[in-house]
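The chains referred to below are lettered A, B, ... by the order of the sequence lines, with proteins before strands, and numbering in each begins at 1.
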Number of protein chains: 2
Amino acid sequence: MSPEPAATTGAVPRVTLADVAALAGVSASTASLAFSGSGPVSDATKERVLAAASELGYAGPDPRARSLRRGRSGIVGVVLEERVRAAFLDPVKIQTLDGLAEGIAALGAGLLLFTDSGDPDAPVSLDTAPVDAVVLIGCSPKFFRQVEALQRRGIPLVAIEGAPGGDIPEITIDNREATRLGAEHVRSLGHTDVATVTLPFEPTRTRGELTPEMEAGATVDTAVERLRGARDVFPGIRVGVAGASSIEEGLEATRLLLADAATRPTAIIAQSDLLAAGAIQAAEELGLQVPRDLSVVGFDGIRVDGLQHDLTTLVQPSVAKGRAAGEAIVRMLAGEAASGTDFTSTLHVGDTTAPPRG
Amino acid sequence: MSPEPAATTGAVPRVTLADVAALAGVSASTASLAFSGSGPVSDATKERVLAAASELGYAGPDPRARSLRRGRSGIVGVVLEERVRAAFLDPVKIQTLDGLAEGIAALGAGLLLFTDSGDPDAPVSLDTAPVDAVVLIGCSPKFFRQVEALQRRGIPLVAIEGAPGGDIPEITIDNREATRLGAEHVRSLGHTDVATVTLPFEPTRTRGELTPEMEAGATVDTAVERLRGARDVFPGIRVGVAGASSIEEGLEATRLLLADAATRPTAIIAQSDLLAAGAIQAAEELGLQVPRDLSVVGFDGIRVDGLQHDLTTLVQPSVAKGRAAGEAIVRMLAGEAASGTDFTSTLHVGDTTAPPRG
DNA sequence: TGGCCCGCTCGAATCGATTCGACCGTACAA
DNA sequence: TTGTACGGTCGAATCGATTCGAGCGGGCCA
């Protein structure tokens, strides 16, 4: 309304491909070809178009228009549970993300983060975002509705550790078998009195000694499966549940398990390396030496920053998991069918396990 | 060409708003209004449209088309240095991201991650992605070209800790003044023999004792400013440069500084809490007690997972930084002008600083 | 009863680029 | 000399939704 619209940067008169084409004296289609580079355009023409573009300050084709026409946005959605902050505290998740980035590198796509806010009508949601594909990482059943909408739209989906069901490819690891391997290692060293520190069993993250109710209400497959693996070897194993995968939580959970010197276990099977690091701290607090007085087994095979031990742990291919998910997506976008992958973890024997003290 | 296109999921015949409108017996415009909810549409009509939609399995307006027409994609780009993995190892960055997510919550926008691969013609780049705005976090001058393109397109930019220049709002903290505060605290306790462990001075991350060449080639403002602050109080302070912000690196850098018992400092000023945690480990390795034998000051005010001390540190508002960036973006997208913010850090005195031993 | 206003609905233009088929002139082979 | 092939360019349709102004019918007020 005012003679001068505003001094805001947003008021820039937008230059379009048509403007460039006009200045260069060619048609819009030719100009488009000149930009995409692929089509048959004479060098002279291409140069003229490019010159016109730079004269007008044309910054290249508008991504929005391009994505409408092409049907691809170059964006892959990633759904993480909870807040950004919480999700990125977990090194495994970060490695998986990194692998994912690698796996979709061929697409040249960016990763768009979503968090499972739990709020069903959060303003931004998966189905209002221009994504070409979606990766669900450890997602909860809450997402079912949105997942359905995505499938209707024909958007490829892949799940990592978390079973949305349907015909969605899943990337998993052998949680139970791997833990069993670790437990057997512990038994073979001669331990009989063993406890385990687990990941949370449900999103509310109740912690403490495992109760039948908690177990019945479990929604996190990973924790359940790993516990099964431990029980395969030590059926009556004592179970402490942590509130998250962190050193802090491992410390607290292990404190409880070690509290009573009379019933103190000689080995701890932790469901993550961070929890294991916390277990080691708990032992040190009590003046116990690892592995002399307490053996500790972790899970993940990450490097725990600041941990001085070479942790005995089940090394899972977290980067490969992400990469596999990425590759599955690339295939699906190419129109091929893709199936899930089940990865295998390997036992790394470090210096945190030893025979129990005579 | 084949009679049956393929059994791929991608071959779903897409349902468009027009189809829905046709089935509901209304025009496309009315159907659109029924979906966006805002327009004046009778309840009966709206219901009819919605019914038609669910009958056809219409998953809602196509985000690509919507973003072209509306001129907004609902996506905010975030540029981080390096790989996803490296960026997320830094708790400060994660908190900042979290704050950013909070700050733009009003937009209902998602965060699209980019990493400064250094490769100038990486397939996906800022200017082919449909972003409404971009936040640069600790970005390097390498981005100048792309930044320029974004500005031409009228896309709002905000920078956090890293000066791209121009009229881009910057969110910063008082790195120098804050560090000076920490150093003064140390001096007031009676320390005169003090060393500092710094963040890397350049992306290549050369580490070791600081040389004049390294200092001359510094590109990371944060490290330089914090060093200035330390020198304001202890002009001749010894400087160990770490290769990254991690416990591991802090440990190594501090080992060097403490190696010679004769010249051993009585206090360490670390440029991050992770580095400080490493410094504490280094002290413990040598049988030194913190704070009795060595005082340690950190920077950031994060909770270091697994650290048993209440670290004396400069608490910076990392979440608020992100939030401020987000709010600036919201303002800019609303057409208002936005300026940067300079935040203030506060000294938190924990139990890792004390007077030097007699 | 006539005029006016209001609420609902519709048509048509628009967002900006991509892509497919047509077209044209030239060069080369038959 | 005629036919063919082909590189280069253009027109027009298309992607799918949003939005603005116009139209239309009914209710209310004078």
Side-chain angles (χ1 to χ4, degrees), chain A residues 10 12-49 52-53 56-74 127-132 152-155, chain B residues 1 10 12-49 52-53 56 58-74 127-132 152-155:
Chain A
V12 174
R14 308 248 276 156
V15 182
T16 74
L17 186 57
D19 301 332
V20 174
L23 179 60
V26 299
S27 74
S29 20
T30 305
S32 173
L33 293 180
F35 268 99
S36 63
S38 51
V41 181
S42 73
D43 289 347
T45 309
K46 186 181 294 188
E47 227 167 281
R48 206 141 35 87
V49 172
L56 292 176
Y58 179 66
D62 183 312
R64 283 179 271 266
R66 168 203 294 255
S67 81
L68 170 59
R69 184 63 243 241
R70 295 240 253 230
R72 288 282 171 85
S73 62
D127 40 35
T128 64
V131 292
D132 292 342
R152 273 207 300 266
R153 204 171 255 146
I155 292 182
Chain B
M1 296 303 146
V12 173
R14 309 246 278 155
V15 182
T16 74
L17 186 57
D19 301 332
V20 174
L23 179 61
V26 300
S27 74
S29 20
T30 305
S32 172
L33 292 179
F35 269 99
S36 64
S38 52
V41 182
S42 72
D43 289 346
T45 309
K46 186 181 294 186
E47 227 169 281
R48 207 142 34 87
V49 172
L56 292 177
Y58 179 65
D62 183 312
R64 283 178 272 264
R66 171 204 292 259
S67 81
L68 170 59
R69 184 63 241 238
R70 294 238 253 231
R72 288 284 169 85
S73 63
D127 38 35
T128 65
V131 291
D132 293 341
R152 270 207 302 265
R153 203 172 256 146
I155 291 182

Nucleotide nearest [X] when distance is taken to its side chain, options [options]:
X     : options                : value
B:P61 : C:dT9, D:dT9, D:dT18   : D:dT18
A:R66 : D:dG16, C:dT18, D:dG11 : C:dT18
B:R69 : C:dT14, C:dT18, D:dT9  : C:dT14

### Task
Establish, with yes or no, whether the OP1 or OP2 oxygen of C:dC10 is under 4.0 angstrom from a side-chain nitrogen or oxygen of B:T30.
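Answer is yes, contact under 4.0 Å.
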
### Message
Below the 4.0 Å mark, does D:dG16 have OP1 or OP2 next to a side-chain nitrogen or oxygen of B:Y58?
### Response
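Answer is no, no contact under 4.0 Å.
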
Rounded to whole Å, how long is the line connecting atom [atom1] of [X] with atom [atom2] of [N]?
X     : N      : atom1 : atom2 : value
B:D19 : D:dA17 : CG    : C1'   : 13 Å
A:L56 : C:dG16 : CG    : P     : 15 Å
A:R72 : C:dG16 : CZ    : P     : 24 Å
A:L33 : D:dG7  : CG    : P     : 14 Å
A:L17 : D:dC15 : CG    : P     : 20 Å
A:E47 : D:dG8  : CD    : P     : 14 Å
B:R64 : C:dT14 : CZ    : P     : 25 Å
A:L68 : C:dT14 : CG    : C1'   : 12 Å

### Query
Would B:R69 and B:D62 pass as an ion pair if we require N to O under 4.0 Å?
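Here B:R69 does not pair with B:D62 in a salt bridge, since their nearest N and O are not under 4.0 Å apart.
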
### Message
Donor-acceptor pair, distance only, cut-off 3.5 Å: does the side chain of A:R66 make one with the backbone of B:P130?
### Response
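No: the side chain of A:R66 does not pair with the backbone of B:P130.
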
### Message
Using a 4.0 Å heavy-atom cut-off, does A:T45 contact any base of the nucleic acid, only the sugar-phosphate backbone, or nothing at all?
### Response
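Since only primed, P, OP1 and OP2 atoms lie under 4.0 Å of A:T45, the category is sugar-phosphate.
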
### Task
Indicate, with a heavy-atom threshold strictly under 4.0 Å, whether A:S42 touches base, sugar-phosphate, or nothing.
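Touches sugar-phosphate only.
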
### Message
Under the criterion side-chain contact (heavy atoms from CB on, under 4.5 Å), I'd like the reasoning laid out for B:D132 against A:R64: C-alpha separation, chi angles, the key distance, then a yes or no.
### Response
CA-CA 10 Å; B:D132 293 341; A:R64 283 179 271 266; 3.2 Å; yes

### Task
Compare all side-chain heavy atoms of B:T128 with those of A:P63 and state whether any distance is below 4.5 angstrom.
no

### Query
Is there side-chain contact between A:D19 and A:Y58, with heavy atoms separated by less than 4.5 Å?
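Side-chain contact under 4.5 Å: no.
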
### Task
Check whether the side chain of A:S29 and the base of D:dG11 form a donor-acceptor pair under 3.5 Å.
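Indeed there is one.
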
### B:K46 or B:R70, whichever maps to the more 5' nucleotide of DNA chain C
B:K46

